[in-house]
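Comments concern the structure below.
As the structure is a prediction and not an experimental result, all values here were calculated from the model. Nothing fancy with the numbering, it's 1 onward along the sequence.
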Amino acid sequence: MTPRPNLRAAAAVIVVIASAVGAVAGVAFLARGTPLLDHQRTYYVSGSGDDRSDGRSPARAWRTLDRASAQTVRPGDQILLAGGEHVTGQLRLDSGDAGDPTHPVIIGSYGPGRAVIDMADEPAVSVHNTSGVSIGDLVIVGGPDSSSVDGITVYNDLPDRTRLAGVRIERVEVSGGKNGIAIGSAAESLGFDDLSVRESSLHDNTIAGLVTYGPGFDTDAPVYAHRNVTISGVSAYRNTGDPAAAVNTGNGIVMGSVETGRIERSTAYGNGTLSAAAEGPVGIWAYDSTGIVIEGNLSYGNRTNGADGGGFGLDRNVSDSVLQYNLSYGNDGSGLLLYGAAETRGHARNTVRFNISSNDSRRGDFHGGISVLGGLAGPGRPGGIVGDQIYHNTVVMGAGADGALPPVIRIGDALDEVTVRNNTFFSQDSGPLLLSVNSTENGATFEGNNYFGTSENFRIIWESAEFESLSGWRSTTGQEIVAGEAVGSQIDPELTDPAPPTAVTAADQITSASGFALLPGSPMIGAGVPLPGIDPGTRDYFGVRLTPDRIDTGASRFADD
């Protein structure tokens with residue numbers, strides 16, 4: 001099998017970002033809980049202003065962002081742009097500005113509506129080597145000269161390897177740039193702590209809607225640029241990709257070089273339409289990170305003209321992270337992708353649970369709804385994916401848009417102690433329920449899963465051998481056996497209506513995909529196996545409370561109360 005290029009190389013394009021950064025905020029935006037200081041100063045910018053004024057009131061507003069950038073702003077100060085007006089240029093904060101996360105500098109809008117910054121050949125907002133900044137309620141729009149610059153950049157290249165604390169970005173809309181928002185650090189520096197991006201719309205950019213990044217990753221001595229990063233309520237869509245790029249472009253949300261982070265209630269769709277590289281974009285994914293939770297998100301209709309184009313991913317060097325309660329459908333690539341490199345053991349101990357993938361892998365037959373790929377390795381090589389646990393997911397797969405018959409789940413390459421338990425695998429056409437290629441011997445264990453095909457063909461392909469029944473595969477491979485007893489099933493799971501949930505278009509709607517819930521009397525009720533040493537959590541995909549007395553198979557627990 002040709003090795004699938006890893007997503008981390010996206011850094012080659014995503015990470016080439018200018019060492020300048022910025023801030024924005026909105027309609028007299030003030031971060032919750034931020035106290036006003038006695039010495040707080042507010043500066044105003046308006047197209048009808050005059051840079052010779054002192055900027056201290058709307059009647060004495062400055063005219064340009066250059067004048068605002070020239071002003072040293074102290075903790076607690078505000079820079080407000082006239083709502084409903086357009087201004088061109090760049091707003092810059094650097095090491096002489098702000099700096100106190102308990103008294104952030106506020107950047108936003110005043111008056112009715114949000115101010116619009118028309119971006120030219122430099123980032124609209126640049127925050128460089130400082131923090132204690134709250135940015136909100138701005139619209140940033142790129143033009144013909146802005147495709148090579150980011151809309152908002154937050155960057156640290158201080159040589160003392162100190163993380164800067166306290167950057168908030170809320171309620172911004174960014175389009176027409178390279179990346180909508182880019183947050184990073186230089187090779188010999190660290191980045192930011194306690195950073196959040198919330199309730200923002202990032203669309204029609206080239207490389208990604210939102211990206212965090214840091215220095216190159218050393219699995220023997222891991223260092224993460226950023227810590228305590230939250231991305232919540234972000235929509236990343238129609239970020240097209242660069243057809244001339246050799247690495248992946250056209251991503252929605254990318255979390256790289258983060259220790260302890262969270263992506264929640266966010267939506268990625270329609271990204272990657274122009275991506276043509278041999279490695280491709282993904283709607284929402286992480287790389288070179290640890291302690292990441294990706295929860296309650298929606299990723300659909302993401303595309304590629306090259307590789308990948310999937311919904312969600314935990315890529316190289318992601319460890320101790322969780323992908324849960326997400327919905328993926330109609331993506332060109334995998335709904336849920338796990339990828340590691342055989343030369344390292346950096347991808348380890350991740351959990352994928354209570355997710356739904358519906359009719360993903362729309363392009364070709366390489367990817368499954370779930371793909372677990374450890375990187376090619378020779379005999380005896382260590383696993384590229386180590387100790388991942390995949391349980392209580394529901395994956396439904398039909399024929400691809402191009403007529404291909406992709407597998408419901410694909411595993412391959414160097415795997416080490418990967419467990420796959422209590423999932424529902426449902427093929428609506430004659431694609432294989434499970435495809436295993438070049439997998440490390442005993443690298444993956446399957447227990448308590450249900451395999452059902454609506455066509456006349458039941459197919460499991462295991463290292464070039466094809467099986468037409470669960471029992472035949474079980475007896476040959478020893479899979480789906482626990483303590484000498486046969487487990488797993490080959491039966492209609494009796495889902496309510498497993499059609500693609502195309503009416504679901506925002507993350508706050510994902511539990512309305514009720515077609516994947518179990519019908520009364522479903523044979524999946526109570527059919528799961530115990531998960532030794534695993535805390536399965538407290539609820540299923542739909543929020544139904546889990547109890548230890550009964551384990552159902554798939555992402556849904558039947559609500560019998």
Among pairs that include at least one residue of residues 238-268, which meet ring-ring contact (aromatic ring centres under 6.0 Å, His included), considering only residues two or more places apart or in two chains? none

Give a yes or no on whether a salt bridge exists between Arg353 and Glu295, defined as a side-chain N under 4.0 angstrom from a carboxylate O. no

Evaluate salt bridge (charged side-chain N to carboxylate O under 4.0 Å, His left out) for Asp66 paired with Arg92, printing each intermediate quantity in order. CA-CA 8 Å; Asp66 280 346; Arg92 302 180 300 276; 3.5 Å; yes

Within 45° cone and under 6.0 Å: Arg539 NZ/CZ vs Tyr325 ring: yes

Modelled atom types, side-chain donor and acceptor of Thr351 and Gln324, under 3.5 Å: no

Would you confirm whether Arg362, through its side chain, and Asn359, through its main-chain N or O, come within 3.5 Å as a donor-acceptor pair? yes

side-chain hydrogen bond (donor to acceptor under 3.5 Å, both in side chains) against Arg303, all qualifying residues, sequence neighbours excluded: Asp332

Passing option when Val197 is tested against Ile183, Ile253, Thr230, Val229 for side-chain contact (heavy atoms from CB on, under 4.5 Å): Ile183

Any heavy-atom pair between the side chains of Val395 and Thr424 that's under 4.5 Å? no

Please examine the side chains of Trp285 and Asn251, heavy atoms only from C-beta on, and report whether any two atoms are closer than 4.5 Å. yes

Whether Phe354 and Tyr391 hold their rings parallel, tilted or perpendicular, with breakpoints at 30° and 60°: perpendicular

Side-chain heavy-atom pair Leu323, Val293 within 4.5 angstrom cut-off: no

Does Arg410 qualify as a cation-pi partner of Phe366, given the criterion of NZ or CZ under 6.0 Å from the six-membered ring centre and within 45 degrees of its axis? yes

Member of Val258, Leu195, Leu210 meeting the side-chain contact (heavy atoms from CB on, under 4.5 Å) criterion with Ile231: Leu210

4.5 Å side-chain heavy-atom contact, His347 and Tyr339: no

Hits for side-chain contact (heavy atoms from CB on, under 4.5 Å) against Ser427, two or more places apart or cross-chain, chain-then-number order -> Val408, Leu433

Have a look at Phe312 and tell me which of Leu337, Asp360, Leu327, Asn297 forms a side-chain contact (heavy atoms from CB on, under 4.5 Å) with it. Asn297

For Tyr269, what residues pass the ring-ring contact (aromatic ring centres under 6.0 Å, His included) criterion, not counting sequence neighbours? Tyr237, Tyr300

Could Glu173 and Arg114 be called an ion pair, given the rule that one side-chain N must be under 4.0 Å from one carboxylate O? yes

Is any side-chain heavy atom of Glu199 closer than 4.5 Å to a side-chain heavy atom of Glu170? no

What residues form a side-chain contact (heavy atoms from CB on, under 4.5 Å) with Asn239, not counting sequence neighbours? Asn205, Ala236, Asn271

Separation between OG of Ser200 and CG of Leu138, rounded to the nearest 0.5 Å: 10.0 Å

Under a 4.0 Å threshold between the charged nitrogen and the carboxylate oxygen, would Asp194 count as salt-bridged to Arg168? yes

Under 4.0 Å between a side-chain nitrogen and a carboxylate oxygen: does that hold for Glu264 and Arg262? yes

Between OG of Ser328 and CG of Leu298, what distance do you get to the nearest 0.5 Å? 8.0 Å

Looking just at side-chain N and O atoms, do Asp118 and His86 make a donor-acceptor pair shorter than 3.5 Å? yes

Rounded distance (nearest 0.5 Å) linking atom OG of Ser358 with atom CG of Asn331: 10.0 Å

Quick one: are Asp193 and Leu164 in side-chain contact, heavy atoms under 4.5 Å? no

Residue set satisfying side-chain hydrogen bond (donor to acceptor under 3.5 Å, both in side chains) with Thr290, at least two apart, ordered chain then number -> Ser319

d(His367 NE2, Leu336 CG) to nearest 0.5 Å is 12.5 Å

Rounded to the nearest 0.5 Å, what separates atom CD1 in Ile263 from atom CG in Asn326? 9.5 Å

What distance do Ile356 atom CD1 and Asn393 atom CG have between them, rounded to the nearest 0.5 Å? 9.0 Å

